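The structure under discussion appears below in the form of structure tokens.
Computed from a predicted structure; not experimentally measured.
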Amino acid sequence: MPKDSESPAFRILKLLRQTADEQEHISGRLNVITKIISKEMHYDSVSCFVMLEDNNFELFASAGYNEDSLHKVSVRQGEGLVGTVAKNCRPLALSDSQSHPKFVTKEKFSEKELKSFLGVPLVSRHKAIGVLIAQTKKKHEFLQTEQETMETLAMFISDIISSDEMSEYKTELIKSRGLMSKDKIRGISLSKGFGLGQAVLHHRRHAVSKIFAEDKEKELDRLTIAHQQMNDDLDSKFNSTKLGLGEHVDILDAYLMFAKDKGWFKKIADNVMGGLTAEAAVERAYEDMWNRLSSTQDGYLKERLHDLRDVSDRLLAYLNGDFGQSAKIAQDSKDIVIIAQTMGPAELMDYDYTKIRGLLLEEGTPTMHVAIVAKALNIPVIVKIKGLYDEVKSGELIALDGNEGYVYLHPSEDTQKRFIAKRQELKQQQEKLAKLKRLPSQTLDGVRIGQYINVGMNFDLDYIESTNCDGIGLYRTEIPFMASNEMPNVEQQIGYYKELMDRAGYRKVIFRCLDVGSDKLLPYWAGLDEENPAIGWRSIRITLDRRAILRKQIHAFIKAAEGKELNVMFPMISNLSEFEEAKETLMLEYEKVKKNTDKLPAKMNVGLMIEVPSVVFQLDEILEQADFVSVGTNDLAQFFFACDRGNPRLSERYDVLSAPFLRLMGTIIKKANKHKVYCSVCGEMASVPVEAFALIGLGYRNLSSSGATYGRVKSMIRTINVAEVEDYMTQLLNSTGKTLRPQIYAYANDHGVEIF
């Protein structure tokens with residue numbers, strides 16, 4: 001073993017493996033571990049707290065002053081020094097713990113006799129699952145090397161605490177205290193629908209059992225091979241699933257970008273060359289990132305930390321050679337319900353999604369990425385069901401009602417029949433939508449509504465034929481940039497755009513210029529880190545500053561559209577001068593191409609996205625120069641309400657179906673009609689039937705939705721009378737209520753409008 005590996009942590013880890021493994025029960029193992037650490041590090045007391053349930057941390061093991069207090073002492077997250085370490089998920093070192101404002105004493109826990117305190121979180125999936133603490137009688141300044149040693153030991157202990165054996169032990173403790181599960185459990189529904197199938201317990205990641213490497217080069221080779229296998233598999237999966245377009249595609253693209261990020265891989269490789277095994281190097285790279293970013297208030301960065309945890313777990317599975325075990329087990333089942341403590345979006349894609357009848361998670365929020373992707377696949381999702389993973393066995397029959405948030409364990413025959421009937425009803429609904437393909441997007445009173453689709457990934461192109469849409473209302477050109485390890489050159493871009501135009505045939509295609517920054521980062525661009533990325537250096541602001549990128553993209557548009565109509569749209573325009581500057585760049589590049597060839601577009605139209613409220617105040621002037629406009633309701637609503645749309649605390653506070661926002665939308669379409677300029681909506685509102693209903697009532701006649709929701713919007717269109725809807729919306733705009741959504745649903749029910 002190399003000398004540089006003979007650190008205190010390495011020495012103690014060897015002792016732990018030699019001694020702790022002799023203990024048959026996990027509680028005995030933890031007690032031995034605390035005794036060894038206490039002796040080797042010369043601490044008077046070492047204790048281990050483990051989260052049992054509901055963010056309560058219970059004393060599971062101790063060496064020193066607290067050995068009679070096992071399972072008799074517990075602290076809430078945020079309570080005392082132990083609870084503070086758990087809440088912040090960060091180490092805390094104090095030479096005089098009793099002078100700290102968070103210091104509290106607990107009965108049966110002799111903290112008064114101990115002066116110094118070093119607490120290190122035991123972490124799994126970015127969340128504290130326990131706390132390891134060391135204390136001394138006298139005041140003691142903990143050295144940085146001591147803290148690093150405890151952090152390394154914490155990695156080892158965290159894997160023990162997150163093991164199946166510990167889960168079984170905690171389950172027995174809970175049951176012994178009278179907390180038995182019920183056959184009908186209620187959680188929180190994140191995606192509606194009904195499901196019935198065999199339970200599949202999503203495989204947990206393995207513990208990192210070996211920390212230090214014996215052969216660095218061999219470990220680096222293992223890492224390189226596993227990383228390549230993972231990326232090849234992700235490319236294959238993400239390009240073979242029809243997900244339409246929407247936030248879920250952004251999520252999977254960002255996930256793929258993390259997996260291919262060269263900086264992340266280099267950090268792991270550097271850790272390997274520093275003496276760690278490939279597995280330990282992955283864990284250390286994640287922990288370093290977590291320690292830097294976990295305190296951020298930015299919702300986007302927090303969600304990306306979840307993605308990084310999921311990507312790290314995925315790479316660990318490839319390194320361990322056990323990737324996709326749960327998915328393989330589920331291959332022989334016809335209908336499955338996946339049960340997990342938590343899950344990443346790519347992990348869901350490991351399963352045959354056509355067999356998934358439901359997803360049940362012990363943790364979860366409305367913005368969690370796996371729930372968004374599952375919703376796009378029409379999979380019902382219920383979350384916040386504590387203890388379910390340990391209660392259910394693989395193969396057991398599970399029923400779930402995603403409308404009400406109920407899960408049925410061991411469902412009766414009557415319950416099974418009811419759920420089968422509900423699924424049959426849903427199937428008939430989907431068959432009905434398929435028949436709409438041959439029918440026009442026309443209202444009951446004969447008004448034609450232009451229906452377009454949004455396109456990002458290659459598989460989105462299949463929706464052109466399957467929906468028989470009027471065209472592509474939004475082609476998000478940043479997707480090929482995000483999926484590549486380096487900037488696509490002009491020829492590559494021409495290939496992307498020409499393929500799209502060839503598939504579209506005679507249909508209209510609107511190209512949106514590169515829209516990156518904020519939540520869409522490029523792996524090969526540095527310097528985009530900002531405190532407020534959503535309102536920072538992004539989109540057209542970047543490409544006008546880096547003009548060569550914009551000119552090359554425009555050049556590719558012009559070459560790809562030879563002999564066809566070319567529609568170019570600039571995103572994130574905030575004022576007239578910005579649009580004029582972008583338009584001038586396009587015209588200069590057009591003249592440059594024209595000098596060298598006569599193979600030009602048959603016609604060229606220039607437009608912009610309306611997503612910054614300031615544009616509305618210059619809209620008359622802009623519409624004098626624009627050939628078309630398209631409203632991006634996602635960002636427009638976010639900026640209008642000053643509301644981060646990814647923040648779960650605000651998700652139900654602001655609604656696009658409120659009178660103020662709908663008045664803004666009404667102003668935009670009235671001005672566009674006045675100037676006789678083509679106007680569409682390509683944001684999320686156009687993909688939600690009840691919201692698209694409101695848009696039509698305001699006067700919009702062109703909607704661009706995701707391919708997955710196209711049929712539902714079309715069904716709504718064919719059951720409304722525009723004249724009546726416009727009159728109704730005019731009345732509603734005088735409302736002072738928080739939202740008009742209930743009133744619109746009531747109207748739909750009374751008039752037979754198909755909004756589902």
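One N or O on the side chain of Lys714 and one on the backbone of Leu439 form a donor-acceptor pair closer than 3.5 Å. Judged by distance alone, the side chain of Arg546 and the main-chain N or O of Thr543 form no donor-acceptor pair under 3.5 Å. Without hydrogens or angle criteria, Ser191 side chain to Ile379 main chain gives a donor-acceptor distance under 3.5 Å. No donor-acceptor pair under 3.5 Å is formed between the side chain of Ser704 and the backbone N or O of Cys682. Without hydrogens or angle criteria, Ser574 side chain to Val612 main chain gives no donor-acceptor distance under 3.5 Å. Judged by distance alone, the side chain of Arg663 and the main-chain N or O of Leu733 form a donor-acceptor pair under 3.5 Å. The backbone N or O of Gly711 lies less than 3.5 Å from no partner atom in the side chain of Lys437, so there is not a single donor-acceptor pair. The closest donor-acceptor contact from the side chain of Thr709 to the backbone of Ser687 lies under 3.5 Å.
For the pair Ile717/Arg448, no side-chain contact is recorded, criterion being any heavy-atom separation below 4.5 Å from C-beta on. Side-chain atoms of Leu664 and Phe661, non-hydrogen and from C-beta on, do get closer than 4.5 Å to each other. Using a 4.5 Å heavy-atom cutoff, the side chains of Asp515 and Arg476 are not in contact. Put simply, the side chain of Ile610 reaches to within 4.5 Å of the side chain of Leu619, judged on heavy atoms. At a threshold of 4.5 Å between non-hydrogen side-chain atoms, the residues Cys513 and Ile540 do not count as touching. Side-chain atoms of Ser441 and Tyr710, non-hydrogen and from C-beta on, do get closer than 4.5 Å to each other. In this structure the side chain of Glu611 never reaches within 4.5 angstrom of the side chain of Gln638, judged on heavy atoms. A heavy-atom distance below 4.5 Å is found between the side chains of Leu636 and Met665.
For the pairing with Ile472, the side chain to side chain contact (heavy atoms under 4.5 Å, CB included) check across Asn454, Leu500, Ile510 returns one residue only, Leu500.
Annotation for Pro380 and Gly195: closest pair CG-N, 4.4 Å, computed over non-hydrogen atoms. Minimum heavy-atom separation, Tyr654 to Cys643: CD1-SG, 3.4 Å. Taking every heavy atom of both residues into account, Pro488 and Gln493 meet most closely at O-NE2, 3.2 Å. Contact detail for Leu514 and Gln553: the closest heavy-atom pair is N-OE1, 2.9 Å. Nearest heavy atom pair, residue Ser705 against residue Ala686, reads CB-O, 3.4 Å. When every heavy atom of Leu662 is checked against every heavy atom of Ala694, the shortest pair comes out as CD2-CB, 4.3 Å.
Residues satisfying the side-chain hydrogen bond (donor to acceptor under 3.5 Å, both in side chains) test with Thr730, not counting sequence neighbours, are none. Not counting sequence neighbours, Ser658 has no partner by the side-chain hydrogen bond (donor to acceptor under 3.5 Å, both in side chains) test. The salt bridge (Lys or Arg N to Asp or Glu O under 4.0 Å) check on Asp627 picks up nothing, with sequence neighbours excluded. Partners of Ile669 by side chain to side chain contact (heavy atoms under 4.5 Å, CB included), not counting sequence neighbours, listed by chain and number: Asn673, Cys679, Tyr700. In this view, Gln625 and Glu580 satisfy the side-chain hydrogen bond (donor to acceptor under 3.5 Å, both in side chains) rule, not counting sequence neighbours. Residues satisfying the ring pair (Phe, Tyr, Trp, His ring centres under 6.0 Å) criterion with Tyr678, sequence neighbours excluded, are absent altogether. Listed by chain and number, the residues in a side chain to side chain contact (heavy atoms under 4.5 Å, CB included) with Asp445 are Thr443, Val447, Asn721, Val722, Ala723 (sequence neighbours excluded). By the side-chain hydrogen bond (donor to acceptor under 3.5 Å, both in side chains) test, His675 is found to be paired with Asp620, Glu624, residues two or more places apart in sequence or in another chain being considered. Taking the side chain to side chain contact (heavy atoms under 4.5 Å, CB included) definition, one finds that Ser735 meets it with Leu740, Gln743, sequence neighbours left out.
The distance from the CG atom of Leu359 to the OH atom of Tyr351 is 9.5 Å, given to the nearest 0.5 Å. In this structure, CD1 in Ile542 is found 8.0 Å from CD1 in Ile549, a value given to the nearest 0.5 Å. How far CD of Glu691 is from CE of Met716: 10.5 Å, rounded to the nearest 0.5 Å. Atoms OG and CG, on Ser706 and Leu474 in that order, are 11.5 Å from each other to the nearest 0.5 Å. Taking CZ from Arg512 and OG1 from Thr477, the interatomic distance works out to 7.0 Å, rounded to the nearest 0.5 Å. The line from CZ of Phe570 to CG of Leu608 is 9.0 Å long, rounded to the nearest 0.5 Å.
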Apply the test side chain to side chain contact (heavy atoms under 4.5 Å, CB included) to residues Ile668 and Val631: give CA-CA distance (whole Å), side-chain angles for both, the deciding distance (0.1 Å), then the verdict.
CA-CA 9 Å; Ile668 293 169; Val631 187; 3.9 Å; yes
Go through Tyr497 and Phe511 one step at a time and tell me if the ring-ring contact (aromatic ring centres under 6.0 Å, His included) criterion holds.
CA-CA 9 Å; Tyr497 309 147; Phe511 290 95; 5.5 Å; yes
Mind listing the side-chain donor-acceptor pairs of residues 749-756 below 3.5 Å, one per line with the distance, residues two or more places apart or on another chain?
unit_1, atom_1, unit_2, atom_2, d
Asn749, ND2, Tyr745, O, 3.3
His751, ND1, Tyr747, O, 2.9
Glu754, OE1, Lys432, NZ, 3.1
Glu754, OE1, Ser715, OG, 2.4
Glu754, OE2, Lys432, NZ, 2.5

Below 3.5 Å, can you tabulate the donor-acceptor pairs from side chains in residues 554-567 to any protein atom, sequence neighbours excluded?
unit_1, atom_1, unit_2, atom_2, d
His555, ND1, Glu589, OE2, 3.2
Lys564, NZ, Met501, O, 3.4
Lys564, NZ, Asp502, OD1, 3.4
Glu565, OE2, Asn567, ND2, 3.1
Asn567, OD1, Asn605, ND2, 2.8
Asn567, ND2, Val509, O, 3.1

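A salt bridge (Lys or Arg N to Asp or Glu O under 4.0 Å) check over residues 718-729, counting only residues at least two apart or in different chains, returns the pairs Arg701-Glu726.
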